[in-house]
Colleague: 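What follows is a structure written as structure tokens; I'll ask about it next.
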Amino acid sequence: MAMLGLRGKSLLALLLACLIALVPAALIGWQVVDSIRTHFGEAFARNTTLLQREKIFAPLSRELALSLRLADSEVTRQWLRDEADVAKRELFFREAEGYRRDFRDHSYFLISNRTHAYYFNDGKSPHTESARYLLRADKADDGWYFNTLRDTATFNINVNHDRQLKVTKAWINVIVHENGQKVGLAGTGLELTTFLDDFIRSREAGITPMILNRQGAIQAHPDPRLIALDSASGKGRAACSSSWATPRSGRRCGWRCGRPSPVPARSPCCGRRWAASSSCWR
């Protein structure tokens, strides 16, 4: 130190002062950049979620409206009161054929709670007025029906693989009511692969749209392996459309949705920041 001289000591002191001043400046700058990145990340996730919600709403709303009409049809309810009546049977299947043509998937189903008979027709298999199979309360594969009928007030959406029909669909299940009693279930299904391709899979890097129910079970996801099949319990009458803005590392973190309006969310994710937005509806 003694060899530096006055000028050297002054320069060294100035250098140290600059370094000391740069440390808090760098910290403040990093916090500003991080807050700006988080703000725009949340805004991007929120706007993407609202866009995805509208993209999914339109076809699902139409399918749900048709399913509600089928379940509320007087023809449907009259036949469920008396399945042995040939005239009522023929009238129902003539009317249901019109619904089948209008449904996006060109398929419909009806289940009688009295006989547990499962009726199903689509555009791929030959038309039949006979039950495809009978549901049983002691059979695990049929548990979705009895849970839905027990716990659901109006409708639910359940992703399930039907072993009897050998199809995997996102099913719209609507309760058929008669004089305050639940007498059956009616609706349609959307073929899962087509549904994911059309509405869920995103072409934008870093965005992962998905649909969750109120219990946090994934109902639709670009990766079919993550979908919770046969999660119908009837308790979650709201669904959630969520978008994730994820780190480039591609790591996943768990997050549950259960709020009734678009809400941005932040959380440490694998040591990094991520932004998510959800939109829930009834």
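Atom set for the values below is all heavy atoms of this structure, side chains included, hydrogens, waters and symmetry mates excluded.
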Colleague: Could you state the interatomic distance from CG (D105) to NZ (K169), rounded to the nearest 0.5 Å?
Modeller: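 With rounding to 0.5 Å, CG (D105) is 3.5 Å from NZ (K169).
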Colleague: What residue among N158, T148, N156 forms side-chain hydrogen bond (donor to acceptor under 3.5 Å, both in side chains) with N173?
Modeller: N156
Colleague: Kindly indicate whether the side chain of R114, heavy atoms from C-beta on, has any atom under 4.5 Å from the side chain of H116.
Modeller: no
Colleague: Any link between L185 and L165 through a network of hydrophobic side chains (Ile, Leu, Val, Met, Phe, Trp, Tyr) touching at under 4.5 Å?
Modeller: yes
Colleague: To the nearest 0.5 Å, tell me how far S61 OG sits from L66 CG.
Modeller: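 Separation between the atoms: 11.0 Å.
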Colleague: To the closest 0.5 Å, what do you measure between CD (E83) and CZ (F92)?
Modeller: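 So the gap between those two atoms works out to 10.0 Å.
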Colleague: Are there more than 12 heavy atoms of other residues, nucleotides or ligands under 6.0 Å from atom CZ of R163?
Modeller: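 Count not over threshold, so no.
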Colleague: Grab the two heavy atoms, one from L110 and one from A186, that are nearest each other, plus how far apart they are.
Modeller: CD1-CB, 3.8 Å
Colleague: Does H106 have its ring centroid less than 6.0 Å away from the ring centroid of Y99?
Modeller: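 Ring centres of Y99 and H106 not closer than 6.0 Å.
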Colleague: Any sub-3.5 Å donor-acceptor pair from T152's side-chain atoms to T154's backbone N or O?
Modeller: no
Colleague: Listed by chain and number, what are the ring pair (Phe, Tyr, Trp, His ring centres under 6.0 Å) partners of Y108, not counting sequence neighbours?
Modeller: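 None.
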Colleague: For the residue pair W171 and Y145, is the inter-centroid distance of their aromatic rings smaller than 6.0 Å?
Modeller: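 So the answer is no for these two rings.
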Colleague: Do F103 and L64 belong to the same hydrophobic cluster, where Ile, Leu, Val, Met, Phe, Trp and Tyr are linked whenever their side-chain heavy atoms lie under 4.5 Å apart, directly or via other members?
Modeller: no
Colleague: To the nearest 0.5 Å, what is the distance between CD1 on I175 and CD1 on I111?
Modeller: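 Taking CD1 in I175 and CD1 in I111, the distance rounds to 9.5 Å.
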Colleague: If hydrophobic clusters are built from ILVMFWY residues whose side chains come within less than 4.5 Å, do F93 and L91 share one?
Modeller: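 Cluster IDs for F93 and L91 match.
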Colleague: Between T188 and S107, is there a donor-acceptor pair closer than 3.5 Å when you use the side chain of the first and the backbone of the second?
Modeller: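 At least one qualifying donor-acceptor pair exists.
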Colleague: Answer yes when D34 and R37 have at least one side-chain N-carboxylate O distance shorter than 4.0 Å, and no when they do not.
Modeller: yes
Colleague: Aromatic rings F109 and Y118: how do their planes relate, parallel, tilted or perpendicular, breaks at 30° and 60°?
Modeller: parallel
Colleague: I'd like to know if the side chain of K166 and the backbone of H161 have a donor-acceptor N/O pair within less than 3.5 Å.
Modeller: no
Colleague: So does T194 get a backbone contact from the side chain of E191, meaning a donor-acceptor N/O pair under 3.5 Å?
Modeller: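 Such a contact is found between E191 side chain and T194 backbone.
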Colleague: Taking the side chain as every heavy atom from C-beta outward, state whether L80 and V176 have any atom pair closer than 4.5 Å.
Modeller: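 Yes. Closest side-chain heavy atoms under 4.5 Å.
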Colleague: Rounded to the nearest 0.5 Å, what separates atom CD in Q164 from atom CG in L135?
Modeller: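 Atom-to-atom, Q164:CD and L135:CG are 9.0 Å apart.
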Colleague: With the threshold set at 4.0 Å, does a side-chain nitrogen-carboxylate oxygen contact exist between E63 and R104?
Modeller: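 Not counted as a salt bridge, because no side-chain N and carboxylate O are separated by less than 4.0 Å.
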Colleague: Share the residues that join I36 in a hydrophobic cluster, the rule being Ile, Leu, Val, Met, Phe, Trp or Tyr side chains under 4.5 Å apart at the heavy-atom level.
Modeller: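 Reading the cluster by chain and number, I36 sits alongside I28, V32, F40.
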Colleague: Can you check whether V174's main-chain N or O pairs, donor with acceptor, with S67's side chain at less than 3.5 Å?
Modeller: no
Colleague: Taking S125 as the fixed residue, which of D122, N121, T128 is the one that meets the side-chain hydrogen bond (donor to acceptor under 3.5 Å, both in side chains) rule?
Modeller: D122
Colleague: Are any of the side-chain nitrogens in R136 or D142 under 4.0 Å away from the carboxylate oxygens of its partner?
Modeller: no
Colleague: Look at atom CZ of R69 and say whether more than 12 heavy atoms of other residues, nucleotides or ligands are closer to it than 6.0 Å.
Modeller: no
Colleague: Stepwise, does the side-chain contact (heavy atoms from CB on, under 4.5 Å) test hold for Y119 with W79?
Modeller: CA-CA 12 Å; Y119 301 91; W79 182 50; 3.4 Å; yes
Colleague: Working to the nearest 0.5 angstrom, can you tell me the gap between W30 CH2 and S35 OG?
Modeller: 9.5 Å
Colleague: Could you check H127 against R100 for side-chain contact (heavy atoms from CB on, under 4.5 Å), going step by step and ending with a plain yes or no?
Modeller: CA-CA 11 Å; H127 179 273; R100 188 195 67 77; 5.8 Å; no
Colleague: Please list all pairs passing the salt bridge (charged side-chain N to carboxylate O under 4.0 Å, His left out) test where one or both residues lie in residues 85-96, with sequence neighbours left out.
Modeller: none
Colleague: For the CD atom on E74, are there more than 12 heavy atoms of other groups (residues, nucleotides or ligands in this structure) within a distance under 6.0 Å?
Modeller: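 Result for CD/E74: enclosed.
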Colleague: Checking R77 side chain against D72 main chain: does a donor-acceptor pair fall under 3.5 Å?
Modeller: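 Yes, the answer is positive, given that a donor and an acceptor are paired below the 3.5 Å cut-off.
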Colleague: Do D102 and R62 have side chains that get closer than 4.5 Å, going by heavy atoms?
Modeller: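 When only atoms from C-beta onward are counted, R62 and D102 do touch, with a gap below 4.5 Å.
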Colleague: May I ask you to decide if L149's main-chain N or O and K182's side chain share a donor-acceptor pair within less than 3.5 Å?
Modeller: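 Yes, because the side chain of K182 sits within donor-acceptor range (under 3.5 Å) of the backbone of L149.
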